[in-house]
Amino acid sequence: MPYLLITPTLLATAFLLLYPLIRNVIISLQEFGLPQLVRGDAKFVGLANYAHVLADPEFWGVVRRTLWFTAINVVLIMVLSTAVALLLVRLGRWLRLLVMGGLVLTWATPVIAATTVFQWLFQSRLGVVNWALVTLGFEEYRDYTWFADGEATFGILVTLIVWQSIPFAALSLYAAMITVPQELYEAARIDGAGAWRVFSTITFPMLRAMFGLITCLEVIWVVKSFVQIWVISQGGPGRATTTLPVYAFQVAQSLQRYDLGAAISMLMVVLLVLALLAYFRQLYRQEREA
């Protein structure tokens, strides 16, 4: 009976997740462009698409940019989320509820809506950011076009993704922190331990697995970020914000090379899995040593 009850969920999961993955693998092994999409006569070419992608210097440039983009975002998310979680632990009841309500509202904001708001904030002539900077005396930002500068656009996207990611990570860490026995903190304070000493010797070691899990989830979230980048910059200007998901979409849609787009997306999955396996291995080794 238990297996019978979970069968519908398993079937739905297989249809929504497993089938697209298998289909993507098949397309990546075929010659699959617009003619094949129309006629349906795609032929298998083995690993030729993967060889083509791996031999392209532009692909490796996008990989490096994706790794850099992911590293910046994940570090900022984890540092700020930890700070917010520690703040929630120390706040009084009503202030804590107020901050948590703000986090939940931020988390519940649709991605497209949040991205559109950020576009308005940084709009060149009517944007609040330019108005505030000019009001503070920075005249060089009058009518400044943020989205024409690659580094500025990169920074805006980092800010947007970090802002969207903090609520989940902060609330998860807060929920874990309140499970740590208070007696340990009291004993540490009696011994004269400061805030950093308490965190590094009690909080983090006891919640190492939770920190590792949230870090992995945030890595996945950041790597697969597509909507924010596409809506704001479509990978520009000058490919300054082109990450692997955007690059795969550009190749598949602009060049109508769905086979190469599928190969790029599968390589992204492989790179992500390898990075997470290496992280989990290091985490497991630290757990054993502890």
Side-chain angles (χ1 to χ4, degrees), residues 9-33 36-37 42 44-75 77-78 111 154 157-158 161-162 164-165 168-169 212-231 233-235 239 241-284:
T9 302
L10 293 177
L11 292 176
T13 302
F15 178 75
L16 295 174
L17 298 178
L18 189 59
Y19 171 75
L21 179 64
I22 295 175
R23 181 61 178 156
N24 197 66
V25 172
I26 294 174
I27 292 176
S28 70
L29 299 174
Q30 294 177 324
E31 182 183 352
F32 201 101
Q36 290 76 21
L37 180 65
F44 282 90
V45 294
L47 299 177
N49 292 322
Y50 291 94
H52 184 277
V53 171
L54 293 174
D56 187 0
E58 185 177 357
F59 169 77
W60 293 108
V62 174
V63 170
R64 288 190 293 270
R65 188 179 303 111
T66 303
L67 294 175
W68 178 238
F69 183 75
T70 303
I72 293 175
N73 276 282
V74 172
V75 169
I77 290 168
M78 294 306 299
V111 175
F154 191 94
L157 287 169
V158 169
I161 292 175
V162 169
Q164 291 177 318
S165 305
F168 168 76
L213 175 61
I214 295 176
T215 300
C216 292
L217 292 176
E218 294 301 337
V219 168
I220 295 172
W221 160 256
V222 173
V223 168
K224 71 182 186 66
S225 296
F226 170 80
V227 175
Q228 301 93 328
I229 300 174
W230 188 257
V231 171
S233 65
Q234 295 187 359
R239 293 196 175 276
T241 58
T242 300
T243 57
L244 281 172
V246 177
Y247 183 58
F249 183 81
Q250 289 174 338
V251 170
Q253 296 298 321
S254 301
L255 304 179
Q256 296 178 343
R257 290 298 306 271
Y258 307 110
D259 46 4
L260 294 181
I264 293 169
S265 63
M266 291 310 305
L267 288 172
M268 180 183 70
V269 172
V270 171
L271 290 174
L272 184 59
V273 169
L274 291 176
L276 292 178
L277 285 177
Y279 181 80
F280 277 124
R281 181 180 179 184
Q282 180 66 23
L283 188 64
Y284 177 71

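Not measured: the values here are computed from a predicted model.
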Do [X] and [Y] come close enough that some side-chain heavy atom pair is under 4.5 Å?
X      : Y      : result
Phe69  : Ile161 : yes
Thr66  : Met268 : no
Leu260 : Leu255 : no
Thr70  : Thr243 : no
Met78  : Val74  : yes
Phe168 : Leu217 : yes

List the atom pairs, donor and acceptor, that lie under 3.5 Å between side-chain atoms in residues 25-32 and the rest of the protein, sequence neighbours left out.
residue, atom, partner, partner atom, Å
Ser28, OG, Val25, O, 2.6
Ser28, OG, Tyr50, OH, 2.7

- Message: Checking Val269 now: which residues fulfil side-chain contact (heavy atoms from CB on, under 4.5 Å) with it, not counting sequence neighbours?
- Response: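 Val273.
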- Query: Phe226: what forms a side-chain contact (heavy atoms from CB on, under 4.5 Å) with it, not counting sequence neighbours?
  - Reply: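 Testing Phe226 for side-chain contact (heavy atoms from CB on, under 4.5 Å), a comparison that skips the adjacent residues, returns Trp230, Pro245, Val246, Phe249.
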So, taking the atom named [atom1] in [X] and the one named [atom2] in [Y], what distance separates them when rounded to the nearest 0.5 Å?
X      : Y      : atom1 : atom2 : answer
Leu11  : Leu16  : CG    : CG    : 11.0 Å
Asn49  : Ile264 : CG    : CD1   : 9.5 Å
Leu271 : Leu67  : CG    : CG    : 7.5 Å

- Start with the C-alpha distance between Gln36 and Tyr258, add both sets of side-chain angles, then the distance that settles side-chain contact (heavy atoms from CB on, under 4.5 Å), and finish with yes or no. CA-CA 10 Å; Gln36 290 76 21; Tyr258 307 110; over 6 Å; no
With [X] via side-chain hydrogen bond (donor to acceptor under 3.5 Å, both in side chains) - residues at least two apart:
X      : result
Ser225 : none
Asp259 : Arg257
Ser233 : Thr241
Gln164 : Gln228

Looking only at heavy atoms, which two atoms of [X] and [Y] are closest? And how far apart?
X      : Y      : value
Ser165 : Trp221 : OG-NE1, 2.6 Å
Ala169 : Ile77  : CB-CG2, 4.3 Å
Gly261 : Ala252 : CA-CB, 4.2 Å

- Query: Does Arg65 have any salt bridge (charged side-chain N to carboxylate O under 4.0 Å, His left out) partners at least two apart in sequence or in another chain, and if so, which?
  - Reply: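 Expected list: none.
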- Task: Can you run down the salt bridge (charged side-chain N to carboxylate O under 4.0 Å, His left out) pairs that involve residues 10-21, sequence neighbours left out, and say none if there aren't any?
- Result: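 The answer is none; no pair qualifies.
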With a 3.5 Å cut-off and sequence neighbours excluded, list the donor-acceptor pairs that the side chains of residues 54-64 form with protein atoms.
residue, atom, partner, partner atom, Å
Asp56, OD1, Glu58, N, 3.1
Asp56, OD2, Tyr247, OH, 3.2
Glu58, OE2, Arg239, NE, 2.7
Glu58, OE2, Arg239, NH1, 3.3
Glu58, OE2, Arg239, NH2, 3.1
Trp60, NE1, Leu54, O, 2.8

- Task: Could you walk me through whether Arg281 and Leu277 pass the side-chain contact (heavy atoms from CB on, under 4.5 Å) test, one step at a time?
- Result: CA-CA 6 Å; Arg281 181 180 179 184; Leu277 285 177; over 6 Å; no
- Item | Summary of side-chain hydrogen bond (donor to acceptor under 3.5 Å, both in side chains) pairs that have at least one residue in residues 13-26, sequence neighbours excluded |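 Passing the test, one end in residues 13-26: Asn24-Ser265.
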- Message: Keeping Gln253 on the side-chain end and Ala248 on the backbone end, is there a donor-acceptor pair under 3.5 Å?
- Response: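 Absent.
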